[in-house]
Amino acid sequence: MSALAELEKRSYWIGIVKGLLITGRHFILNLTGIRKRPTIEYPEKRRKYSNRFMGIHVLTLKPTGEIACTACMLCATNCPADCIHIVAAESPNPNIEKYPAVYEIDLMRCVFCGFCEEACPVDAVRMGRDYEYAELSERNFVIGIDYLAHRPQLKKKNVSVFHEPEKTFKSTVRAD
Amino acid sequence: MAKVKINGKDFEVPTGQNLVDAAENLGIDIPHYCYHPGLSIAGQCRMCYVEQPGNSKLQIACNMKCSDGLEVITDSPKVKDAVKWSLEFHLINHPIDCPICDQAGECGLQDYYMEVGKYSSEMREHKQIKQKAVDLGEKIVLDKERCILCGRCVRFTQEVSKTSELGIYNRGDRSVIGTVNDEVMKDNYQVNTVDICPVGALTSKDFRFEQRVWFLKEVSSVCNGCSAGCNIDTHHKSGKHIYRLKPRYNPEVNEYWMCDDGRPTYKTANYDHRLTAAKLGGVELPTNEAVTTWMNDLRTLIATERTDEIAAWIHPDLTSEEITSIVKTLRDEFGISQFYSEDADKSARDDKTVDQLLKRADLWCNTQGFLKVTSALKLKLGSLNQLEERLAQAKINHLVIFGSEKNVGVQSLKRIRAALPADCFTVLISPRLQNAELFSHSLAIPSISHYEKNGTIMNWKKIEQKLGSDFRMFKSAWSVEEILTSLSQEYQRPQKEVSRA
Amino acid sequence: MIKHTQHYKNIRPMYVDLTPQPGEKRLLMEHVQVPNIHTLPVYESKGGYQALKKVLESKMDRETLIKEVQGSAVRGRGGAGFPTGNKWNFVPKNTDKPHYLLCNADESEPGTFKDRVILEHLPHMMIEGMIIGSYAIQAARSYVYIRGEYTYATEIVDRAIQEAYKAGYLGKNILGSGFDHEMVVHRGAGAYICGEETGLISSLEGKKGWPKLKPPFPAVEGYLRCPTVVNNVETLACVPWIINHGAEAYAKIGTPKSTGTKMWSVSGDVTRPGVYEVENGIPFKDFLEKVCGGMKGGRKLKALIPGGSSAPIMTAEEAMSCTLDYESIASKGSMLGSGGMVVLDDSRDLVQVLKNLAEFYREESCGQCTPCREGTGWLEKILHSFTERQARREDLQLLKTTSQNMIGRTICVLADSIAMPVLSYLEKFPGEFENYLQGSSNTSSMSGRVKHNG
């Protein structure tokens, strides 16, 4: 055995210094930013995701401000997790025939597969970009039209690509 | 029988049968819209083309009757192309309403679109615009754009309900279905037009926007609205909620139709009208405990030979099997001798047709079955007046009431309630929440509604019909047979005597 | 007696010059210029009702009568060209149901106005033919279904019938033969489709003028489900001449397959439009030059519509080389039809002509069966986009396939009446459509179309 190895075996502080050198090297590299870390300082910094990122759903609106969804229930049919609950109703707007009075997605059941977006024929439901959602009670994970269409994060950018053409629709069904 | 040849194969069919019907019975589908076996032949939709060898012009199958030597081809390329173009003509002015149309999933255009395969339309012009969502009264909404002018509804109102309320106005591609002066429809059979309309032009207001058709399952049953006993299909979702009733073909009873008064009878089976848990004096308890409680009181009376203080009230809406099990358990096993019921004899005597079509005056659905079973089992029945008398004389200490889910029995129950002394132990077995509220102090055991029952009922013509059901809406609601079997088992269980307080 | 004079103010007879032209052969219109020939005394003085007397007083056997008409080989003059004697023969002989004879005076085919001459000037000839025809098919009642727009003609015909009743030619025991007959005038209400035989029957029954499914044919099950024969005015007007002069004499005139004469109502770019009666088989060239006075303003012939707008169009070469009879015109791909001839010179834009026709057929389609109801609308919309210079190249093929899929697929032949002309225009005058495509501002298939007033 060499003299250095003898010394190392007998004294403990050489091992400590060696270890500390490794730690120090990691410390300096990380602290000064020389090494690119995959960890980011969330929530001050957030990752940029692609436009295809599947986050919490968005219900789009028509240019006039009403909800674009016609309550056809294709999204509920296609959903593999059976998490969409829709109740259709006669719209108070006389130019629209059918709209969802209740549109709820149970985020605890949802697997964020995007089948609902694929199924929708009128571009009413899309997978949004939000992923932050924390609640204290399970009940609060069922989100309704208020959150889906009108949450402030959307900044009113969820306009459907399908516009209703100028068409006279006269309904006499409503009692009013 | 006639020998016909379809697509090269020989078949034997009844002579004179319509070719479309004959082919359907043989499993060969000839697409059609305007043909309906219960109505006259129109030949308007031009979808049911068939080719006859030797004739270069295609013929329509609905105008052909099966006779010896008839030879047709339904799957040649020429026929398929003609059907494709016929569908194209149907679709060129049809609005693309599938997301908002109630008929999606059972729509004639959708079905043949997938089958025939004319996937891309070549029409690039503007479509005809007509009125949408026209209010035709309390029961029907008409959408004039979706109408494909098959004429089935018009022929129905002319030939079956004989009111001629619907007609076709204007000529050519401006043709629309409508009523005279846009009046509302008044007759009692109008929702049948919704059933026969192949597209979503006529839709039922009751079912409007309620549910998508592909979520619903069908179960065959019989309507309990009156003694006509029209055969129906119950449409429910996962056995939890019934959405609508549709008539089922029965040549002897109701052919293809049912009256509108029978259609809302499913509502009493749904949540808002149902007693969903057993109650004792307003407090909920599990059903088996309720049965035990019942048995406790009954046992005392049976043991002390006071069965003449027990009475039972039954009604003619019960199925024959239910009545049999009631008699066998309560009379034969427990020795109860006093049975009272609605006046079924009078209902049967006063029964007659109300409108020359289907509806009858007797609103109980199993009057004939009730009379038959009670006479076969030699059951002595008292009337409501006699029950009231005995209640007033405080001679009854234990009353078992079987309550119907319909409005028809409510008057009698109110009279019983009024005559009921405070210390009489009452057991109410009924699906109906309002009955339980009427007898709020008593023991209420939920039973199943008419559309969940498996049993037999007999209509006014003494035709026996089976109620078939495969779902139960509430776990705590049991059938009458199940309740009584459990009661009987409870009776036979050895246990300590419990003295009646 | 129909009293409508007080309701309509503009009742006038049709202005048409009925002077005989060289080249005409007048069997029916022989006495049309005699003043008051529409009244009974004048008609009788010119030999009227001789045929009826011949048939009834000799108590001619009905079989013989039908054979006589069959022997003359006269064909239906309303458009279909079906041999009249054969049609009469189809009526079953031994039923207890009443029989009916319906006279189709609903002359709505565009370009046709020849029946109007008979109705306004020679009503008694038609009435006589109807009584003889009713006798042949054992009909106790006949109806004249006259189009609602012919107000003047209705009054003339009605008066003529009243005169016939007074003279004993109608009513009970006509001329002592034991044959009873009632004749009623029924007015139409402005629908082309009521000129179709089963549409007429439906309208007469009081229902919507919707054609009925065939089979069963009207000769077996027609008006009120009884055996019915529907004949055109001109066909029935031929009957007295045939009875008076004999079937062979009639068969000698014209060609072997198209016997007798035909009344033609000529309109369009000719010097002398009007109603002319010529022998079948006369070359069109002679007809145009001699009878109609040649093209107006000396222009060149471009196209000819021989038999009303339902007939496929003929090019100038085809027209000049054909003779005016059923076979020759059919061999050129067109049809003789009702005899409503429209002559088009080289100043006419044929796409506009076709669009005009398509508008008519879309308006008049009854809407019962889907290919016609939707197809007529579709064709009109495509042609509208052509004339608005918004058509695409694919529209040419689309016109063709749509028309091909309307022919033979409907209850009556209104769909064929627009589809066959469209195909003929596309085939014979493709250049006309190309002109509209050249200037078209619409080349892509998804751009918006001109909004059309549906």
Side-chain angles (χ1 to χ4, degrees), chain B residues 33-34 40-47 49 55-60 62-65 78-79 81-94 109 118 120-130 145 147-151 154 158 164 167-177, chain C residues 190-193 207-216 361-385 390-392 394-395 397-398 401-402 404-411 414-415 442 444-454:
Chain B
Y33 291 129
C34 66
S40 65
I41 294 172
Q44 283 173 229
C45 68
R46 316 306 285 183
M47 285 284 284
Y49 288 120
N55 196 345
S56 66
K57 194 171 161 185
L58 294 171
Q59 303 295 322
I60 49 172
C62 61
N63 202 20
M64 290 169 133
K65 297 219 181 323
K78 192 170 170 191
V79 170
D81 193 52
V83 175
K84 254 197 207 174
W85 265 93
S86 182
L87 189 64
E88 166 87 10
F89 280 127
H90 277 98
L91 288 170
I92 61 171
N93 280 320
H94 192 78
L109 289 174
K118 182 81 169 91
S120 56
S121 171
E122 296 171 49
M123 164 82 161
R124 295 286 177 269
E125 319 296 327
H126 289 274
K127 297 192 177 204
Q128 284 298 100
I129 293 184
K130 301 175 188 168
E145 266 185 10
C147 176
I148 55 168
L149 291 156
C150 67
V154 175
Q158 282 172 355
S164 295
I168 298 186
Y169 296 83
N170 302 338
R171 271 203 301 239
D173 55 3
R174 286 88 54 212
S175 303
V176 287
I177 296 278
Chain C
Y192 170 72
I193 195 63
K207 302 181 193 159
K208 246 171 110 82
W210 273 8
K212 299 179 195 284
L213 287 176
K214 289 192 275 205
Y361 284 104
R362 182 189 178 197
E363 173 66 35
E364 298 292 337
S365 166
C366 72
Q368 194 183 175
C369 55
T370 309
C372 173
R373 177 182 73 235
E374 312 288 350
T376 49
W378 197 3
L379 288 175
E380 205 245 318
K381 286 179 184 169
I382 300 175
L383 288 166
H384 180 82
S385 70
Q390 295 256 334
R392 316 162 291 156
E394 297 87 61
D395 283 335
Q397 181 59 33
L398 192 57
T401 36
T402 309
Q404 281 167 342
N405 282 297
M406 283 164 70
I407 295 178
R409 303 268 173 92
T410 47
I411 298 179
L414 191 145
N442 182 353
S444 81
S445 37
M446 283 302 282
S447 46
R449 312 307 288 268
V450 171
K451 179 88 175 78
H452 180 272
N453 278 341

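Just so we're on the same page: letters track the sequence lines, and every chain starts at 1.
- C:Q368 and B:A42 get closest at one heavy-atom pair: OE1-O, 4.3 Å.
- In this structure, B:R171 and C:G190 approach most closely via the heavy-atom pair NH1-O, 3.3 Å.
- At least one donor-acceptor pair closer than 3.5 Å links the side chain of B:N63 to the backbone N or O of C:P215.
- Among the candidates B:C45, B:A82, B:S56, the residue making the largest number of heavy-atom pairs closer than 4.5 Å to chain C is B:A82.
- In this structure, the side chain of B:R46 engages the main chain of C:R409 through a donor-acceptor pair within 3.5 Å.
- C:E363 has a carboxylate O that lies under 4.0 Å from a charged side-chain N of B:R174, or vice versa, which qualifies the two as a salt bridge.
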Stepwise, does the side-chain contact (heavy atoms from CB on, under 4.5 Å) test hold for B:R124 with C:R392? CA-CA 10 Å; B:R124 295 286 177 269; C:R392 316 162 291 156; 3.6 Å; yes

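- Rounded to the nearest 0.5 Å, atoms SG (C:C366) and CG (B:N170) are 12.5 Å apart.
- Proximity to chain C involves both the backbone and the side chain of B:I168, based on heavy atoms less than 4.5 angstrom apart.
- Interface remark: B:L149 contributes backbone and side-chain atoms alike to the contact with chain C (heavy atom separation under 4.5 Å).
- Proximity to chain B (any heavy atom under 4.5 Å) is restricted, for C:K208, to the side chain, taken from C-beta onward.
- With rounding to the nearest 0.5 angstrom, the CH2 atom of C:W378 is 13.5 Å from the CD atom of B:Q128.
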Stepwise side-chain contact (heavy atoms from CB on, under 4.5 Å) check, B:F89 with C:M406: CA-CA 10 Å; B:F89 280 127; C:M406 283 164 70; 3.6 Å; yes

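- Looking only at heavy-atom pairs under 4.5 Å with chain B, the residue among C:I407, C:T370, C:L398 that has the most is C:T370.
- Listed here is the closest heavy atom pair of C:K381 and B:K127: NZ-C, 4.1 Å.
- Taking OG1 of C:T402 as the start and CD of B:E88 as the end, the distance is 7.5 Å to the nearest 0.5 Å.
- For B:Y49, the part lying under 4.5 angstrom from a heavy atom of chain C is the side chain only.
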